[in-house]
Protein chains: 2
Amino acid sequence: MYTSEQEEIALFAKVFGHPARVAILQQLFKIDACYCGDLSEEIGLAQPTISQHLKELKHLGLIKGNVEGTRVCYCIEPKNWTKMKKVLYQFLDQDIPKADCC
Amino acid sequence: MYTSEQEEIALFAKVFGHPARVAILQQLFKIDACYCGDLSEEIGLAQPTISQHLKELKHLGLIKGNVEGTRVCYCIEPKNWTKMKKVLYQFLDQDIPKADCC
DNA sequence: ATTATTAATCGTAATATTGCAATTAAACAA
DNA sequence: TTGTTTAATTGCAATATTACGATTAATAAT
């Protein structure tokens, strides 16, 4: 029904389609590494909710979590972030017709 | 709860979060202008479904539709597409820490 | 061993999304 | 006018997403 490219674009875009995940990622960029509980406090969502969003981001490979005792330190996974960017850029950067079409 | 920037990013990303809308946009880029019925046939979804997706894209200002008799010709709205790109790029292009963080 | 801390998982309610058949609306054609 | 064509709208069922309380799991501290 859809090309694998279309599916991939949609999958990546979907994960950014909720402000909580955008906020999580912005926080990880800002402070470089962060614990689940800190994100929960910073963003204002319950811990299980943050955990759930982190799981989705991790599943797509955009972040990784490192266990440090009882806590888990999350951060951006640079390689996959770059790969994701390439996929989305190819879609977003399509040539726009100069003249109005209709 | 969220910044207006986070909401805006999520709103734009969400519309790309479904392969049908990605397919519609790719088709509009490819053939420059297109009718609802043609999209329905090309993509393989019922006309009302396509119409619904077009509505969402139009609501965000990414496409526009021009009535031509009984048909409606849809195409990319270049200005808003560029504006949307700026918003998403600012988010996607955040500096990635060089060293592994955790 | 017991307790404390932190994150993951489970279960569930509320809400949102998706897809389509049926219908309506609008413009054109005869 | 009457029929034809095309897209929008409505109504609804199926599915997915989101949020969180309660619980569990894992490690650390005493």
Side-chain angles (χ1 to χ4, degrees), chain A residues 1-2 6-7 9-25 27-28 31 33-75 77 101-102, chain B residues 1-2 6-7 9-25 27-28 31 33-75 77 101-102:
Chain A
M1 174 122 202
Y2 303 110
Q6 287 162 349
E7 300 271 15
I9 291 166
L11 221 62
F12 278 131
K14 196 178 193 171
V15 90
F16 301 134
H18 193 288
R21 290 186 291 267
V22 172
I24 288 173
L25 290 165
Q27 188 71 3
L28 291 185
I31 68 165
C34 199
Y35 301 105
C36 175
D38 295 345
L39 289 165
S40 172
E41 212 172 289
E42 174 76 26
I43 293 167
L45 288 171
Q47 177 267 318
T49 306
I50 294 290
S51 201
Q52 195 172 258
H53 285 304
L54 287 169
K55 192 179 176 184
E56 287 178 70
L57 290 166
K58 205 165 79 178
H59 185 252
L60 269 189
L62 295 176
I63 64 171
K64 64 178 162 181
N66 192 48
V67 179
E68 293 180 5
T70 62
R71 304 194 292 177
V72 178
C73 177
Y74 282 97
C75 62
E77 182 88 78
C101 44
C102 54
Chain B
M1 174 123 204
Y2 302 111
Q6 287 162 349
E7 299 272 15
I9 291 166
L11 221 62
F12 279 130
K14 197 179 193 171
V15 91
F16 300 134
H18 194 288
R21 289 186 292 266
V22 172
I24 288 172
L25 289 165
Q27 188 70 5
L28 291 185
I31 67 165
C34 199
Y35 302 105
C36 176
D38 294 345
L39 288 165
S40 172
E41 211 172 291
E42 174 75 28
I43 294 168
L45 288 171
Q47 176 267 318
T49 306
I50 294 291
S51 200
Q52 195 174 258
H53 286 304
L54 287 170
K55 193 179 176 183
E56 288 178 69
L57 290 167
K58 205 165 78 178
H59 186 252
L60 269 189
L62 295 177
I63 64 170
K64 64 179 164 181
N66 192 48
V67 179
E68 292 180 5
T70 61
R71 305 194 292 177
V72 178
C73 177
Y74 282 99
C75 62
E77 182 89 78
C101 44
C102 54

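These figures come from a predicted structure and were not determined experimentally. All chains are named by letter (A, B, ...) in the order of the sequence lines, taking the proteins before the strands, and each is independently numbered beginning at 1.
Between A:N66 atom CG and D:dT27 atom C1' the separation is 14 Å, expressed in whole Å. Here the P atom of nucleotide D:dT9 and the CG atom of B:L54 are 11 Å apart, to the nearest Å. Rounding to whole angstrom units, CD of residue B:E68 and C1' of D:dA8 are separated by 17 Å. Rounded to whole Å, atom C1' of C:dA8 lies 13 Å from atom CD1 of A:I63. One interatomic measurement links the two molecules: NZ of B:K55 to C1' of D:dT9, which rounds to 7 Å at whole-angstrom precision.
Applying the salt bridge (Lys or Arg N to Asp or Glu O under 4.0 Å) test to residues at least two apart or on different chains, none of the pairs has a partner in residues 9-18 of chain B.
Residues satisfying the ring pair (Phe, Tyr, Trp, His ring centres under 6.0 Å) test with A:F12, not counting sequence neighbours, are none. Every residue two or more places apart in sequence or in another chain that forms a side chain to side chain contact (heavy atoms under 4.5 Å, CB included) with A:E42 is listed here: A:Q27. With sequence neighbours excluded, the residues forming a salt bridge (Lys or Arg N to Asp or Glu O under 4.0 Å) with B:E56 are B:R21, listed by chain and number. With sequence neighbours excluded, no residue forms a side chain to side chain donor-acceptor pair (under 3.5 Å) with A:E7. Residues passing the side chain to side chain contact (heavy atoms under 4.5 Å, CB included) test with B:A10, sequence neighbours excluded: A:P19, A:V22. Residues forming a side chain to side chain contact (heavy atoms under 4.5 Å, CB included) with B:Q47 (at least two apart in sequence, or on another chain): B:C36, B:S40, B:S51. With sequence neighbours excluded, the residues satisfying ring pair (Phe, Tyr, Trp, His ring centres under 6.0 Å) with A:F16 are A:W81, B:F91. For A:K55, the side chain to side chain contact (heavy atoms under 4.5 Å, CB included) criterion is met by no residue, not counting sequence neighbours.
Shortest non-hydrogen contact noted between B:C34 and B:L28 is CB-CD2, 3.7 Å.
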Detail all sub-3.5 Å separations between protein N/O atoms and N/O atoms belonging to nucleotides 18-20 of chain D.
{"residue": "D:dT18", "atom": "OP1", "partner": "A:R21", "partner atom": "NH2", "Å": "3.3"}
{"residue": "D:dT18", "atom": "OP2", "partner": "A:R21", "partner atom": "NH1", "Å": "3.1"}
{"residue": "D:dT18", "atom": "O3'", "partner": "A:H18", "partner atom": "NE2", "Å": "3.2"}
{"residue": "D:dA19", "atom": "OP1", "partner": "A:H18", "partner atom": "NE2", "Å": "3.4"}
{"residue": "D:dA19", "atom": "OP2", "partner": "A:H53", "partner atom": "NE2", "Å": "2.7"}
{"residue": "D:dA19", "atom": "N7", "partner": "A:Q52", "partner atom": "NE2", "Å": "3.4"}
{"residue": "D:dC20", "atom": "OP2", "partner": "A:A46", "partner atom": "N", "Å": "3.1"}
{"residue": "D:dC20", "atom": "OP2", "partner": "A:T49", "partner atom": "OG1", "Å": "3.2"}

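Relative ring orientation between A:H18 and A:H53 is described as tilted, the plane-to-plane angle lying within the 30° to 60° band.
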- If the sugar-phosphate is the primed atoms plus P, OP1 and OP2 and the base is the rest, what is the B/S/- string for nucleotides 1-7 of chain C, using protein heavy atoms under 4.0 Å? ----BBB
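Comparing the start and finish of the helix from C:dA1-D:dT30 to C:dA30-D:dT1, five pairs each, the helix axis swings through 10°, to the nearest 10 degrees.
Take the nearest nucleotide of DNA chain C for A:K58 and for A:M1: the residue whose nucleotide is more 5' is A:K58.
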